[in-house]
Amino acid sequence: VLISSDGVHQQYFAQRGARADYRAGIRGLPWKPRDQMRAWQLNALNAVLRHARRDVPFYADRIPDDDLESLDDLASLPILTRDEALRAGAQLHSRAISQRSTVDLQTGGTTGSPLSVRATLSAIERHYAAFTRFREWIGIPDRARVVAFGGKSSIGDGPPWVRVPGTGAALVCAADGLNGDSIDGYLNALAEFTPDIIDGYPSSLLPLARRLKSHVHGRIRPTAVITSGDALTPFARRQIEEAFSCPVFDHYGAAEMVAFITECRAGSYHVNDDYGVVEIVRDGRAALPGESGEIVATGLLNEAMPLIRYATGDIAVPGTTHCPCGRTFPTIERIMGRADEGLFAPDGHMVGRLDVMLRGVSTVMEARIIQDAPDHVTLEAVALDTIDPLEAATIMTELRQRLGPSIKADLVRVKRIPRTPSGRYRPVQGLTTPPGIRMVPDSKTRVPA
Ligand SMILES: [Zn+2]
């Protein structure tokens with residue numbers, strides 16, 4: 001759901017344009033003492049609330065007249081669901097912002113109708129500034145040669161990859177063109193381009209990594225891989241790191257521009273406090289460290305369409321510790337991805353991501369599980385040649401171990417797994433709604449432990 005999903009071009013152009021003074025101004029914030037940063041955040045939040053109450057019709061009666069006295073008071077405001085935001089439409093637009101200074105971004109989620117987010121150009125510039133700071137954290141120079149995977153809209157109707165000139169040259173690749181027939185072509189293009197960094201969804205990079213591990217494809221030796229857009233499982237991280245011989249740095253963001261959570265070199269996810277106020281909500285209260293909850297976030301950048309306590313539908317676990325890197329931005333222990341992309345065993349417990357089933361399997365590049373009934377799943381697998389029967393048996397055994405012996409499963413070989421317009425796919429499609437799990441509209445959120 002990242003901005004990069006539909007605007008990879010802009011991402012690598014516009015970050016040069018992000019005003020140098022703003023970039024410099026936010027560079028030190030991640031090290032500010034905690035109490036000072038919280039005061040900074042409260043101030044910024046109250047400015048957003050005042051503006052929303054005054055200039056955004058949707059919020060006229062939804063926000064109290066007085067400023068919040070502490071960040072904890074934010075929890076007393078109502079949560080905004082995606083459905084509510086869709087229904088509110090233009091009621092969420094600020095009357096104080098001229099449409100000429102805005103653009104409408106389509107959020108490219110994997111489910112549901114797209115939410116159009118109106119953003120000011122300066123909000124987008126500040127988004128890029130935050131992204132640039134993330135690149136600085138992980139030591140990527142401005143002139144790095146970048147391979148970026150994005151949706152079809154980021155490269156148009158031509159060939160599946162296109163070179164973009166810029167500060168650092170970029171090769172932009174269409175994630176949705178990746179399949180069993182084209183994967184070697186992609187890898188050859190990457191080898192020829194010799195990227196310093198590769199930026200993409202785990203669902204694009206994992207098949208590339210798996211293919212790379214079993215075949216030699218020239219020299220692809222980036223100094224780092226940047227991932228976003230899908231939950232990065234420990235399995236996918238390891239496979240990508242091994243295949244490309246470099247560290248993976250993950251980040252979480254959304255085209256709604258409410259939250260930005262970035263990994264540092266010490267391996268912690270940090271909530272970028274100057275980008276949005278992030279809450280992890282479970283059963284209507286703040287999740288405790290170690291507990292999972294839904295990411296509910298209030299954007300601080302975008303005046304054109306303030307999203308206050310926006311329920312993202314993504315699940316995360318708050319962190320407990322300070323990071324050895326010294327940054328004081330709060331840590332997140334784990335980002336688990338979308339709650340509606342889980343797979344559920346017949347007894348109702350959530351099994352989660354299953355890419356780990358591909359452990360020890362080399363003839364399958366990627367797979368998708370479709371749960372068509374509580375006791376039946378279809379596993380679609382993409383393979384270059386035939387699937388080794390022993391490996392197919394391994395996958396089925398892993399599947400039964402996770403879902404229980406009563407599950408029935410069929411393995412089907414497919415040419416490709418279809419992508420959404422933004423180039424992502426859902427590795428797990430669970431059609432059954434398990435008992436006891438419900439996303440936020442009311443205060444009784446239940447999320448899997
Ligand atoms: Zn850190």
Side-chain angles (χ1 to χ4, degrees), residues 2 4 15 18 22-41 44 71 126-142 144 196-199 202 205 222-234 236-238 240-241 244 246-254 257-280 286-293 295 297 299-301 312 314-337:
L2 289 189
S4 59
Q15 59 186 330
Y22 180 78
R23 281 173 61 172
I26 64 167
R27 197 170 276 137
L29 294 180
W31 279 274
K32 236 178 164 35
R34 218 41 227 137
D35 54 339
Q36 283 181 31
M37 195 58 216
R38 281 179 69 84
W40 187 104
Q41 233 187 352
L71 285 174
R126 282 180 274 172
H127 166 86
Y128 293 129
F131 189 80
T132 302
R133 179 174 64 191
F134 168 50
R135 281 181 51 156
E136 289 170 1
W137 287 18
I138 57 178
I140 294 170
D142 277 353
D196 299 314
I197 59 174
I198 300 176
D199 181 334
L205 300 180
T223 55
V225 168
I226 296 178
T227 54
S228 62
D230 314 316
L232 178 71
T233 60
R237 182 191 291 271
R238 212 167 38 247
I240 295 167
E241 287 185 341
F244 293 107
C246 70
V248 168
F249 297 100
D250 189 36
H251 66 103
Y252 169 89
M257 284 205 277
V258 288
F260 196 51
I261 302 172
T262 52
E263 224 183 333
C264 70
R265 290 195 81 93
S268 303
Y269 285 99
H270 289 277
V271 177
N272 287 216
D273 273 346
D274 53 344
Y275 190 104
V277 181
V278 169
E279 305 167 76
I280 313 280
L288 301 172
E291 275 183 347
S292 62
I295 298 176
L300 296 176
L301 302 189
T312 61
D314 293 316
I315 303 293
V317 179
T320 46
T321 50
H322 294 293
C323 181
C325 78
R327 291 181 185 84
T328 54
F329 276 1
T331 57
I332 295 284
E333 187 181 305
R334 217 146 42 105
I335 296 174
M336 298 164 72

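Excluded from the calculations below are hydrogen atoms, water molecules and symmetry mates; all remaining heavy atoms, backbone and side chain alike, are included. Each ligand, and each atom within it, is numbered from 1 in the order the structure gives.
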Output all residues satisfying salt bridge (Lys or Arg N to Asp or Glu O under 4.0 Å) with R265, sequence neighbours left out; order by chain, then residue number.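 Here no residue qualifies.
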Measuring from the Zn ion (ligand 1), count protein N/O/S atoms under 2.8 Å, please.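 Excluding waters, the total comes to 4.
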Taking the side chain as everything from C-beta on, heavy atoms only, tell me whether I138 gets closer than 4.5 Å to E263.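 Heavy-atom side-chain distance check fails, nothing below 4.5 Å.
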The side chain to side chain contact (heavy atoms under 4.5 Å, CB included) partners of S268 (sequence neighbours excluded) come to C264, H270, C323, T331
Which residues share a side chain to side chain contact (heavy atoms under 4.5 Å, CB included) with W40, sequence neighbours left out: L29, K32, M37, A44, D274, L300
Can you tell me if T262 uses its side chain to pair, donor with acceptor, with the backbone of H251 under 3.5 Å?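 Absent.
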Classify the ring geometry of W137 against F329: parallel below 30°, tilted from 30° to 60°, perpendicular beyond 60°. tilted
